[in-house]
Each structure stands twice: as structure tokens, then as C-alpha cells.
Amino acid sequence: MRSAEFMQLLAAIRELNHHQRKQLVSFLDQQADETKVLELIESCFDTKSACPHCASAKLYRNGVVNGLQRYYCQHCHKTFNALTGTPLARLREKTKWLDYLVAMAQSLTVRQSAADTGVHRNTSFRWRHRFLAWISQDRPATLHGITEADETYLLESDKGQRKLSRKARKRGGHATKRGISDEQVCVLVARDRSGQTLDFVTGNGPLTEPQLTAALKPALDAVALLVSDANSTYTAFCQSEGISHEIVNLSQGQRVNGAYHVQNVNAYHSRFKQWLARFHGVATHYLPNYLGWRRAFEQHRQLSPEMLLNAALGNFQYLTVT
Ligand SMILES: [Zn+2]
């Protein structure tokens, strides 16, 4: 805009009434948020700079569409932008993303986030899981040295699913069967002494040896020493894989076996469950998203909207640097 036109614009602003002024301020706020979001999105892409279709780095810039740089891939001849191939592709209302991520950094419920951000509840739900879809991939490849493992159980929930395979349970309901049954979902957590943590939703009912093997075998390094309770599944796994193993017999009141215990992993379970309670029961299907979200909080007490946006786009360096 030429400076004369700009002066006219400023003069026109003086004529605005109170309501119009408020509208203008909120419009400028939104513009600022959108600019910030677009910059963050572009900077996430800059670190990768590869075609999402064929991974070629032979790209050239090909115009700007909806505020985002469009690229053309010389190898596969497709065009794309920084969001193509990510869970955020084609998600609308970017002006509200940062506010929404602020709500997520505060662990607000779907309903509260919707109210705070001014989006519909269904949108809030969809956004939440789009923003969380990749966060669970931010996990250590291996755990080192002394590693505690233990499982915890959550009541299975079909929350939000239209077709229930059984009679609906009231919110915060209880299992109808005693003990660990297929009504419960097993969450296995393994944590080494440096605090690196892996979590696994292994399925319904008690943890089995094949499930334990599938989860932990690739994750334990050669000198790992596994510490668990007296559950024979762990013993069987360690014996067949030749992994050093120490047992803490919790059911017999033993809390510590020399230097070995599972208190770090049990504390992790209880922090997770306490945090999860605010959401009033989450659908089992989305449990990995919540585990990933929780892990991000564990790594970074002060999660920022920027970190969450980066994680949503698979750029985890913000989360791993502590
Ligand atoms: Zn390509």
C-alpha cells in the first residue's frame, strides 16, 4: 500500500465507532496469529526440505497459496506445501490454531478448548487428535542400562463410538468382572534411569509374553537389566531373550530389592492416570495419543504452543532438547 493510501486508512480508522474498533483489533489479532502460525509451519518444513511424495530434495518454489509457499518437485512433478502429508493438511481456520494449542498446553478438555478458542466441539475434538497424531512417534529408540517395566490397566472405553458392542457403561464406570479381564486395557511402561520412557498399549486383558516381547525386545540395549515385579511374564521374557532380570516382589510387600525397584515407573503410572482423569474417560482408540501428549509434558514441564505445533508436524527437536 502506498503511503498516501495508508494515511487515508488511518484517517478512516478515526471515524470508527466503539464496536467497529473492537472488531478491527480482533481482526488484527487474528492476522498476527495467522502470520505467526504460517511462519512456524514454514520453518518446520525448512528443516526437512524434501518432497512428501517421493522424498526428493530437487524442489523449486511455485507461488504462494493460502499464505503457504507452494513447491514443485522436479522428480515426481507434484506440487505440495509444508502441510502436505502431515495430519494438519487441509485443516482450516489457521488463525485459531495458536489459541487452540495454548488450550492444549494447559491440558484443557475438548469442551473447554472449544469454548476458549471459539470453535465447535466437534472441530475441537478433530483438531485435538490431528495435533496429537504424530506426537506419539516422538520416543526414544532404545532404553539403556537399568530399566524398570510395569503394566497398568485402564477400563476399556468406547467413548464417542457410535456402535457399542455391549451395553453402555456410565461415565467413570466400573468393570463388571473382578481382577484383570478383557474389559481392561493394558498399558506397559518402561523407563530407564536417565528418565527415557516408552509406553505401549498392548491390548485387552493381562500382558502376555508375545506382547511383552514385541514391545521390549527391540527397545532394550545389549547391557540392559530389566527390573519388574514378580509377574512370571517378565521372567519368561528375560529367560528366553537372555536379558538380565531383577525382581521386586511387590505382592509380598517388598518395595526395594537392593538397588532395584519399580518406583519410577509406578510414579509415572500414577502421574499419567491423575492427569488423564481430567478428561473424564478417553476412548481406548485414542489412548496412544494421550500417552504421547503426557510424555511431552514429562519431557517439558512448560509445553508451549510452538512446541506442540512442531511436534504435530513431526519436528521433535524442540521437545527433545531439555
Ligand atoms: Zn516428489
Side-chain angles (χ1 to χ4, degrees), residues 30-102 104-105 117 119 122-142 196 198-201 214-215 218-219 285-293 295-296 299-300 303-322:
Q30 284 188 1
Q31 293 294 307
D33 274 3
E34 179 163 31
T35 306
K36 196 169 166 193
V37 162
L38 292 172
E39 279 172 10
L40 279 168
I41 294 168
E42 299 287 16
S43 70
C44 286
F45 181 75
D46 284 344
T47 62
K48 290 182 272 175
S49 289
C51 169
H53 303 292
C54 74
S56 166
K58 286 190 173 175
L59 318 172
Y60 61 78
R61 288 164 190 269
N62 184 19
V64 173
V65 178
N66 295 329
L68 282 176
Q69 178 65 52
R70 189 171 62 180
Y71 297 90
Y72 174 81
C73 173
Q74 292 185 51
H75 185 251
C76 72
H77 310 294
K78 287 179 180 159
T79 58
F80 59 89
N81 65 32
L83 294 179
T84 305
T86 77
L88 308 188
R90 286 187 289 279
L91 216 58
R92 298 162 78 167
E93 297 191 273
K94 291 189 190 65
T95 51
K96 293 178 177 171
W97 287 14
L98 277 184
D99 282 347
Y100 193 81
L101 291 164
V102 168
M104 283 186 60
T117 316
V119 298
N122 296 347
T123 307
S124 174
F125 181 82
R126 191 169 62 248
W127 283 15
R128 160 151 308 175
H129 292 293
R130 291 283 189 91
F131 284 123
L132 290 177
W134 279 3
I135 205 167
S136 59
Q137 293 174 18
D138 180 28
R139 34 203 297 131
T142 49
Q196 291 204 101
L198 284 172
D199 44 49
F200 307 89
V201 179
H285 175 70
Y286 292 112
L287 207 46
N289 285 0
Y290 284 90
L291 283 163
W293 191 6
R295 216 171 38 243
Q299 284 166 5
H300 258 278
L303 267 189
S304 69
E306 289 82 5
M307 286 174 188
L308 285 168
L309 183 63
N310 271 281
L313 294 171
N315 184 15
F316 301 127
Q317 59 186 6
Y318 285 82
L319 289 173
T320 44
V321 178
T322 51

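Bear in mind the structure is a predicted one, so any value in this text is a computation, not a measurement. Just so you know, ligand 1 is whichever comes first in the structure, and atom 1 is the first atom listed for that ligand.
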K36 and E39 ion-paired at < 4.0 Å = no
Salt bridge R295-D199, side-chain N to carboxylate O under 4.0 Å = yes
Decide if the gap between the ring center of F80 and the ring center of Y72 is smaller than 6.0 angstrom.
-> no
Just checking, R139 and F200: is the charged tip under 6.0 Å from the six-membered ring centre and within 45° of the axis?
-> yes
Within less than 2.8 Å of the Zn ion (ligand 1): protein N, O or S atom count = 4
Looking at the rings of Y290 and W293, which for Trp means the six-membered one, are their centres under 6.0 Å apart?
-> yes
What's the spacing between L308 CG and L303 CG if we round to 0.5 Å?
-> 5.0 Å
